[in-house]
Enquirer: 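Here it is, the structure in full.
Each ligand, and each atom within it, is numbered from 1 in the order the structure gives. All of these numbers come straight from a predicted model, not from anything done at the bench.
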Amino acid sequence: MTSMADKCASVNDVDCPPTKKTKLDNENTIENSDEKNTVENADEKQPNGETELNLSNFEVTRVLQNNCARKMICVEGKFEDREDPAVVLLEQKSFSYDKSTLKKGYFNENTVFRKYLANDIYKNYDCFPTEEYNSLHATVIYPATQSHIDKYKKQELYIIDETYELYEQVTLPHIESKSFSLEWVTNILEHKAEQETIIYEDRDNDTGFVLVTDLKWDGQRDTLKLLALPFQKIKSLRELDASHLPLLKNIRDAGIKAISEKFNVPASQLRIYLHYQPSYYYLHVHFCNLMFEAPGIYAEKAHLLSTVIRNLELMSDYYKKAVLTYVVFKDSPLYEKFKSHGALQTMCESH
Ligand code: G7M
């Protein structure tokens, strides 16, 4: 029942089930927007009678990855009052452009500013912003399965060139036997969760979709990140054909319109793409601010929606013919399956 996503050094994107997530956020939300992430009370009782997860009860057992570039750490550990393991991700937030926010948070009489190095005109300080502005973005995955733990563990990567035959023989059986729960998607589509983050909705069974802010979005316009979840159940890019063009075009056009109205970001500043392989096998489209180098926008993972539409217009069965290239983590189930299928070479050839 647990679901999540990812991010990792460069390839994964992180998420956790909406019902279990802990958002620790500040007031730094997008300008001209009503959006505000919820701050949950640590002592609040959940509907099932359990108390809310509290980081002061958390014992770290292992650092899964420590990403200096992204200023993000993923740790595995246990909450004192819980049985199962948990994964906690802590990530620095981006800064606001708003002058009064900057003043209140960092250039304020309560800001502590401690010099530790001076050389000519250059000085380094430790800067402690005011409490309201020094928060981190935290994601808690509880209970975390071994797959979650593996997913956040920094591992070597390998390239797979997946033909449609390999998709049918290796990837599809893997997806069918073992993939993350899609409960969070159903919850959004059925209005059981995240209703307040729905930006746009079109309930047509064939071409309709829900546009919702991504779990990882930190509320800043610069890092704007949304997801379009169609009502049609499609596993992934591999299942798309020309019959899906009306859906994809509606997602593109209505998504762009809704984002421009709500966030004032034009189509020309949006990166709109799908992941292959995705973390969740329920087709979804990512809408991101072009200025944001979101994890998962790399060549071996992101497929621009505009290109997908053009490919399908050229050839209805394009994705049944194309070789799709992506990366797998060493020792992940897909890595093992491709290796035992003889489709993954992990050693250098000797000359
Ligand atoms: O790699 P893939 O395309 O499957 O990415 C899935 C996306 O779904 C990531 O960007 C996640 O942050 C996002 N996501 C995952 N979960 C579990 C949720 C959720 O519960 N709510 C929302 N709004 N986004 C999620």
Enquirer: For Tyr319, does the six-membered ring have the charged nitrogen or CZ of Arg238 within the cation-pi criterion, i.e. under 6.0 angstrom from the centroid and within 45° of the normal?
Expert: no
Enquirer: List the atom of His284, the atom of Pro230, and the distance in Å for their closest heavy-atom pair.
Expert: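 Distance-wise, the nearest heavy atoms are CA-CD, 4.4 Å.
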Enquirer: Is there any N or O on Leu227 that sits under 3.5 Å from an N or O of ligand 1?
Expert: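 In fact, backbone or side chain, Leu227 has no N or O that close.
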Enquirer: Would you check whether Thr213 reaches within less than 4.0 Å of ligand 1, judged by its heavy atoms?
Expert: yes
Enquirer: By number and element, which atoms of ligand 1 are closer than 4.0 Å to a non-hydrogen atom of His286?
Expert: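 Taking each heavy atom of His286 in turn, ligand 1 has 2 (P), 3 (O), 5 (O), 7 (C), 10 (O) under 4.0 Å.
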Enquirer: Which atoms of ligand 1 sit under 4.0 Å from any heavy atom of Lys225?
Expert: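 Once the distances to Lys225 are compared, the set is 10 (O).
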Enquirer: Is there any N or O on Glu194 that sits under 3.5 Å from an N or O of ligand 1?
Expert: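 For ligand 1, there is an N or O atom that lies under 3.5 Å from one belonging to Glu194.
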Enquirer: Could you tell me whether ligand 1 has any atom less than 4.0 Å away from a heavy atom of Gln277?
Expert: no
Enquirer: Which of the atoms in ligand 1, numbered in the order shown and given with their element, are less than 4.0 Å from a heavy-atom of Lys216?
Expert: 9 (C), 10 (O), 11 (C), 12 (O)
Enquirer: With a sphere of 6.0 Å drawn around CD of Glu59, does it hold more than 12 non-hydrogen atoms of other residues, nucleotides or ligands?
Expert: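 At most 12 heavy atoms, drawn from other residues, nucleotides or ligands, come within 6.0 Å of this atom.
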Enquirer: Check each atom of ligand 1 against the heavy atoms of His284 and keep those under 4.0 Å away; list them by number with element.
Expert: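 Within the 4.0 Å cut-off of His284, ligand 1 contributes 2 (P), 3 (O), 4 (O), 5 (O), 6 (C).
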Enquirer: Of Leu226, Val210, Val212, which is the lone residue that meets side-chain contact (heavy atoms from CB on, under 4.5 Å) with Ile199?
Expert: Leu226
Enquirer: Looking only at non-hydrogen atoms, find the nearest pair between Asp161 and Thr325 and report the distance.
Expert: OD1-OG1, 2.7 Å
Enquirer: Do Phe209 and Leu189 come within less than 4.5 Å of each other through their side chains, counting heavy atoms only?
Expert: no
